[in-house]
Amino acid sequence: MVQQYSAWKVLTRRKQLTPDGSEGETKLNRVLGLWDLTALGVGSTLGAGVYVLAGQIAKEQAGPSVIISFAIAALASLLAGICYAEFGARVPKAGSAYVYSYVCIGEFVAFVIGWNLILEYVIGTASVCRGISLYLDTLLNDTLKQTFAEIAPMNVSFLGSYFDFFAFGLVIVFGVALAFGVETSAMANNFVTCVNIFILGFVIIAGAIKADFSNWTVDESTIVANGTNIGNGGFFPFGFEGTLQGAATCFFGFVGFDCIATTGEEVQNPRKNIPRSILLSLLIIFLCYFGVSTVLTLMLPYYVQDVNAPLPYAFEYVGWPVAMWIVTIGGLVGLLASLFGALFPLPRVMYSMAQDGLLFRFLGKISPRFRAPVTGSIVAALFTALFAGLFDLEQLVSLLSIGTLLAYSVVALSITILRYMEYCEMEEQPSQTVSETTSLTSRNDRFSWSSICTQLFNVHRVLEPNSFSTRIVGILTTLFCVLSLGLGVLLMQAYPAIRSQKAWALTLLILLIVLMAVVLLLTCLQPREAKSRLFRVPFVPVVPAISIFINIYLMLQLNSWTWIRFGVWMIVGLSIYFFYGLPNSYRDMRRQRAGWKKLKYSEHF
């Protein structure tokens, strides 16, 4: 009798994680080494964030405290990067957070994360191209803007003011080049990234020579507003709230290192090289951002920064025209490297989802000649080019941040679940794994108040994870996310009341913090997996918990229009999943199970 599958079991079925350390077969070409990966992570990140956003955030949101904004964003990225590093060592497959959530949580959440990764890389590439267009246009006295505004104006509130043909064409050219030459493109990216780091080093050293610490203590009475909101002067001209809002935007500057995790099937020795390259690239990225934002705010006051090309303008301001042109060329080089790194992982995520039947099959087709997803790369380039032409940079950055923060949160959540996951159910026969392996169901255990309390405090000192303890950890982790959301909303909406030491605000604050600490303590009491020689996140579940809270809090800093655009994107994605992905994935599961049953039957006779 054929077993019937409930919709819930299909939505929560997980990929099988092989604990033996085998890398498995891949159709992609393994050509990337440690330095290729590090250059990819650094190149994809040190682009618009360091050459464009630093001045904009300093002028409009944080002032000189932009360096603290970058430090907060770096901490969130570091915590997420450690989680990515462990998963990269455990699951060296194309797809990044999509595959990780498929292993730990289930198919539905995996699709949501995969769909958000597509958003992240589409918007990341489009924003870099738009940043290049604005950067170049500043040097050309707005020639591109004026020309495109005359040819193709767009009078729609949620779109840009004109269609950017330059950004559109740039994505197409890079997308096609990347589709047909991964190894050659990686070599070119290595060279461009080295040039970019050299020029940023020049910026930091030259800027330090012209530093003036009085620019961090500007008095409000000495500022000429010129009709703009320039705050109250000093190191925190917009208050610490402005610094936190700047951190949410600065987070865009660190987006890109996770592209390393999408290359799992194209890396030589991925279990060692992926964790090392993620941590090494984050260290280089943080040093560059911190150094550049520091000298930028010391060279000239925050309220006179240029929002489109801040570094060239800063050297022009201090009277160094030669340095201005060196930095100008470096900005274009860095933005081009960032464009490569942003566009590279997009077709890999689409390939992985298409292989699982959750996206259209032709997106996962591998060219036998180039051993790369050529069709998916070209489709991704066309789709991304459309976004680059239609939206302004500010709209793109906000939309990018929300998708990335959500993906980072799920990766941190997955690390916690994975550390406390039962492995015996993954080592059973394949037919049992596919039909029964979900993160929230079990064959033998049943919830009761006595069993819940017993397992919550691990009264019997169980040493190895089981299906019941795994479910307990899943519920505790979900509860922590809800409490983090509540604490984030409280800090946003009741911050003045907390500063005024209002009794109700302080009571809520203490209650939420205590409940979060209790949840983490109960999670620590649960049995966890044995130690492994692979790279592991330290201090689980504390480190992933901090990452989850920071990511949720930064998401709450984004404006309502960003959430509305994100909602529209999710409606489109869920429509694809329920009308195409779910039926195809369901058929694959039935076909795979039928094959295993036939194999088992033949072995029996």
Side-chain angles (χ1 to χ4, degrees), residues 7 10-11 95-99 101-102 105-127 129-130 154 156-160 163 167-168 171-172 175 252 255 262 342-343 345-365 373 375-410 555 558-586:
V10 174
L11 290 175
S96 185
Y98 160 73
V99 174
S101 55
Y102 212 156
I105 303 176
E107 180 178 291
F108 177 73
V109 173
F111 177 85
V112 171
I113 294 305
W115 190 245
N116 277 282
L117 285 175
I118 292 175
L119 174 67
E120 173 189 337
Y121 296 129
V122 166
I123 300 301
T125 306
S127 61
C129 286
R130 199 79 182 203
M154 294 187 300
V156 183
S157 59
F158 57 86
L159 297 178
F163 188 88
F168 180 89
V171 177
I172 299 296
F252 162 77
V255 171
T262 67
L343 191 56
L346 176 57
R348 274 75 188 165
V349 174
M350 295 169 64
Y351 156 78
S352 186
M353 296 179 70
Q355 289 287 306
D356 293 327
L358 299 182
L359 280 185
F360 306 110
R361 294 286 187 184
F362 70 91
L363 296 175
K365 186 177 180 181
T375 304
S377 297
I378 294 175
V379 171
L382 290 171
F383 186 59
T384 306
L386 191 61
F387 270 73
L390 289 175
F391 291 99
D392 285 335
L393 179 61
E394 184 178 356
Q395 298 169 330
L396 292 168
V397 168
S398 298
L399 196 56
L400 169 68
S401 296
I402 191 171
T404 306
L405 288 167
L406 181 60
Y408 286 4
S409 300
V410 172
M555 288 173 68
L558 301 171
N559 59 45
S560 57
W561 270 110
T562 300
W563 284 96
I564 292 172
R565 294 188 187 100
F566 178 71
V568 172
W569 175 259
M570 288 308 304
I571 290 173
V572 174
L574 293 178
S575 300
I576 294 175
Y577 175 70
F578 284 110
F579 288 102
Y580 178 85
L582 185 60
N584 279 276
S585 175
Y586 181 80

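Excluded from the calculations below are hydrogen atoms, water molecules and symmetry mates; all remaining heavy atoms, backbone and side chain alike, are included. Heads up: numbering here begins at 1 and tracks the sequence.
- In terms of heavy-atom proximity, Arg361 sits nearest to Gln355 at NH1-O, 3.5 Å.
- Across Ala388 and Arg130, no two heavy atoms sit closer than the pair O-NH1, 3.0 Å.
- In this structure, CG in Leu406 is found 7.5 Å from CE in Met570, a value given to the nearest 0.5 Å.
- Here OH of Tyr121 is found 12.0 Å from CG of Leu343. Values are rounded to the nearest 0.5 Å.
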Can you check side chain to side chain contact (heavy atoms under 4.5 Å, CB included) on Phe566 and Asn116, steps first, answer last?
-> CA-CA 9 Å; Phe566 178 71; Asn116 277 282; 2.7 Å; yes

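- Applying the side-chain contact (heavy atoms from CB on, under 4.5 Å) rule to Ile564 yields the partners Trp561; only residues at least two apart in sequence or on another chain are considered.
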For the pair Leu574 and Phe108, evaluate side chain to side chain contact (heavy atoms under 4.5 Å, CB included) and give the outcome as yes or no after the intermediate values.
-> CA-CA 9 Å; Leu574 293 178; Phe108 177 73; 3.7 Å; yes

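- Under the side-chain contact (heavy atoms from CB on, under 4.5 Å) criterion, Phe383 pairs with Val122, Phe387, Trp569, not counting sequence neighbours.
- A donor-acceptor contact shorter than 3.5 Å links the side chain of Ser575 to the backbone of Ile571.
- The two residues Thr384 and Ala380 come nearest to each other via the heavy atoms OG1-O, 2.7 Å.
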Show your reasoning for whether side chain to side chain contact (heavy atoms under 4.5 Å, CB included) applies to Met350 and Phe360.
-> CA-CA 9 Å; Met350 295 169 64; Phe360 306 110; over 6 Å; no

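- Between the side chains of Tyr102 and Asp356, no donor-acceptor pair is found at a separation under 3.5 Å.
- Minimum interatomic distance between Ser377 and Gly175 (heavy atoms only, all atoms of both residues): CB-O, 4.5 Å.
- Counting only heavy atoms from C-beta outward, the side chains of Tyr98 and Arg348 never approach each other to under 4.5 Å.
- For the pair Ile118/Met353, a side-chain contact is recorded, criterion being any heavy-atom separation below 4.5 Å from C-beta on.
- What you find for Pro583 and Phe578 is that their closest heavy atoms are CD-O, 3.6 Å.
- Side-chain contact between Val410 and Val109 is present, with at least one heavy-atom pair separated by less than 4.5 Å.
- Looking at every heavy atom in both residues, Ala381 comes nearest to Val171 through O-CG1, 3.3 Å.
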Going through the checks in order, is the side chain to side chain contact (heavy atoms under 4.5 Å, CB included) test met by Leu358 and Asn584?
-> CA-CA 7 Å; Leu358 299 182; Asn584 279 276; over 6 Å; no

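- The side-chain heavy atoms of Phe163 and Leu390, taken from C-beta on, include a pair separated by under 4.5 Å.
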